[in-house]
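Have a look at the structure below, then the notes.
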Amino acid sequence: MYNEKVMEHFNNPRNAGDMENPDGVGEIGNVRCGDITKVFIKVNEQGIIEDIKFRTFGCGAAIASSSMLTEMVKGKHVDEAVKITDIEVADNLGGLPPQKLHCSNLAADALKAALKDYQDKQK
Amino acid sequence: MDRIYMDHAATTPLDERVLEDMMPFLKENFGNPSSAHFFGREVRKALEKAREKMASLLGATPEEIYFTSGGTEADNLAIIGSARALRNRGNHIITTSVEHHAVLDTCLALKEEGFEVTVLPVDQYGMVDPNDVREAIQENTILLSVMYANNEVGTIQPVEEIGKIARENNILFHIDAVQSVGNLPVNVEKLSVDLLALSAHKFYGPKGVGLLFIKEGTGINHLTHGGGQERGKRAGTENIPGIIGMAKAMELAYSELEEFVPRMEALRDRLIHGCLEMEEVKLNGHPSQRLPGNVNVSFEYIEGEALLLSLDFKGVAASSGSACSSGSMNPSHVLLAAGMSEQTARGAIRLSLGRHNSMEEVDYVLQVIKESVDKLRSMSSIYQGKGER
Ligand SMILES: Cc1ncc(COP(=O)(O)O)c(C=O)c1O
Ligand code: FES
């Protein structure tokens, strides 16, 4: 059902786990399936995302998408990271089965929520 | 360790002895049983012998056995065929919320033809209460369809008792016994059943062949139009190699039942206990009235699909409930009917044991499950336990 890249990320997820004193936290639940992803970010003074972690309760696609997203985000400026879409996450994974496309929303939305949390804290 | 197959409720491997019996009918004995010449006559003879053998195993007469393309078609023929035949007597059908989709969706499809369908609830173990059956019966009830054993959680229904109720009320009784042959004694007389569906690939026979028992004197309309095979009930040239294979597979299933069941139960119970020793796990289905090879457990905080992928990666084949629904994101209708929350239902996996599984495999699988569950929980957003890094 899933391609090799998805399976590789699923089996060896990057940046899974918790973070102490994150600068931003975002948590999003998927209304369609009840799955939940949480993203933690650490941002330096230049606005670069130095570290990112995720935790996901979800299917294989949700876990692989979370992992892929963290890879895409690490080292990017917050202004760039905010532009990342679920479609880009799915594309970077080499595509997801049609009924699983919604799963990549979770990670992308959780990142947006984490970035917003970070920006709110800056004010 | 080699790849381990624990998905026998989805399908079983073909028995060597079954294949051996089938081979001549895949090669030299290719005649059409409806042909008058000796190529056909020869095959006709074998077909009728297979029919007699299966009838006698089931406690039926050969005239009561109708071959189909599998369990799904047998269920469709039983339900649609009898409902249409009895349309002038009534239009109410009773079934249960835990049926296979081959039954549930067939009953619901009849609504479009003006039938009324009552879908009975089940208890927390997925079991139907015969009292609910009694109460659901109306003056216009014509058909009652209840499965013998559930394909997802393995719960064995009180079909004998339900059969009595059907008889008392003069209602046709259909049993989907697809998961039963090889696991339970199946005798149509003891079950006082009018219609009973079977599928060969669930008991080490070939895929794409099954049968419907139709009790003598039961009127049912045919669904396929054509050459009038199977005494007009199921048109289409019979799947001869399949039917020959099914007969052998059924013979083996019956003769090996006594040896098979305790062996499966021992594996099953070890697997269940091993799972329940892990944290926050729940056994789904009935604690004792369950199929000898069925294990269905829910692990909290993780999703069954993710767990299956992880097991698959380590060479263990399991399922999330039913082969047909993998890939869909809906939790099992059986678990929801048993009152489980969506979140817990999503954490369910089914391991169904079979002839070739060993204790050694069970122990290995337990270890693999534990590793996978721990790993997935350690990255789950809703898990706060000690798996945290
Ligand atoms: C209880 C039950 N009924 C019906 C079926 C359908 O049988 P088949 O695959 O032969 O169409 C299955 C298996 O998939 C089953 O488990
Ligand atoms: S099914 Fe819910 S995130 Fe994939």
Side-chain angles (χ1 to χ4, degrees), chain A residues 1-4 6-20 25-40 52-67 69-70 96-107 109-111 113-114, chain B residues 7 10 280 298-321 323-333 335-336 340-349 368 371-389:
Chain A
M1 178 162 104
Y2 296 124
N3 68 38
E4 269 173 40
V6 176
M7 284 308 292
E8 201 275 316
H9 270 270
F10 170 76
N11 281 311
N12 308 295
R14 329 289 197 259
N15 307 303
D18 287 317
M19 186 185 283
E20 269 175 40
V25 182
E27 181 174 322
I28 292 288
N30 191 324
V31 281
R32 283 180 67 186
C33 62
D35 293 346
I36 301 162
T37 287
K38 220 167 167 174
V39 165
F40 312 85
I52 176 163
K53 292 266 193 234
F54 81 87
R55 288 185 74 141
T56 292
F57 162 69
C59 67
I63 290 169
S65 300
S66 306
S67 166
L69 176 96
T70 61
L96 287 170
Q99 78 274 22
K100 288 287 180 185
L101 271 174
H102 75 278
C103 308
S104 55
N105 295 347
L106 262 188
D109 289 351
L111 170 66
Chain B
D7 199 13
E280 310 224 43
S298 282
F299 294 90
E300 294 284 352
Y301 316 118
I302 61 174
E303 215 173 80
E305 196 236 42
L307 182 51
L308 289 184
L309 288 175
S310 183
L311 295 183
D312 180 57
F313 184 70
K314 291 174 177 153
V316 177
S319 142
S320 59
C324 332
S325 50
S326 50
S328 93
M329 43 181 203
N330 304 326
S332 145
H333 71 283
L335 295 178
L336 295 182
M340 189 174 275
S341 75
E342 287 215 11
Q343 194 172 87
T344 306
R346 284 179 169 279
I349 62 161
V368 168
E371 285 165 16
S372 298
V373 168
D374 285 349
K375 178 177 166 192
L376 289 169
R377 280 185 178 165
S378 77
M379 58 172 136
S380 168
S381 54
I382 56 172
Y383 185 65
Q384 307 295 339
K386 51 188 170 189
E388 264 194 26
R389 305 200 238 172

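Values reported hereafter were calculated over all heavy atoms of this structure, with side chains retained and with hydrogens, waters and symmetry mates removed. Everything quoted here is computed from the prediction, not taken from an experiment. Below, chains carry the letters A, B, ... as their sequence lines are ordered, and counting in each starts from 1.
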Next on the checklist: Please classify the contact between B:Ile302 and chain A as side chain, backbone, both or neither, with a heavy-atom cut-off of under 4.5 Å.
Outcome noted: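 Backbone only.
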Checklist entry - Do any N or O atoms from the side chain of B:Ser381 and from the backbone of A:Ile36 form a donor-acceptor pair under 3.5 angstrom? => result yes
Checklist entry - Does the A:Lys38 side chain pair with the main chain of B:Ile382, one donor and one acceptor, at a distance under 3.5 Å? => result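 Between the backbone of B:Ile382 and the side chain of A:Lys38 there is no qualifying donor-acceptor contact (under 3.5 Å).
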Checklist entry - Does some side-chain heavy atom of B:Ser310 sit less than 4.5 Å from a side-chain heavy atom of A:Phe10? => result yes
Next on the checklist: With heavy-atom distances below 4.5 Å as the criterion, would you say the side chains of A:Asp35 and B:Arg346 are in contact?
Outcome noted: yes
Minimum heavy-atom distance between [X] and [Y], given as atom pair plus value:
| X | Y | value |
| --- | --- | --- |
| B:Tyr301 | A:Phe57 | O-CD1, 3.2 Å |
| B:Glu305 | A:Ala61 | OE1-N, 4.4 Å |
| B:Ser380 | A:Arg55 | O-NE, 2.8 Å |
| B:Ala306 | A:Gly58 | CB-O, 3.6 Å |

Item to check | Best-contacting candidate, A:Gly60, A:Ala64, A:Gly34, A:Cys59, against chain B by heavy atom pairs under 4.5 angstrom | outcome: A:Cys59
Checklist entry - At what distance, to the nearest 0.5 angstrom, does OG of A:Ser66 lie from CE of B:Met379? => result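 Those atoms lie 9.0 Å apart.
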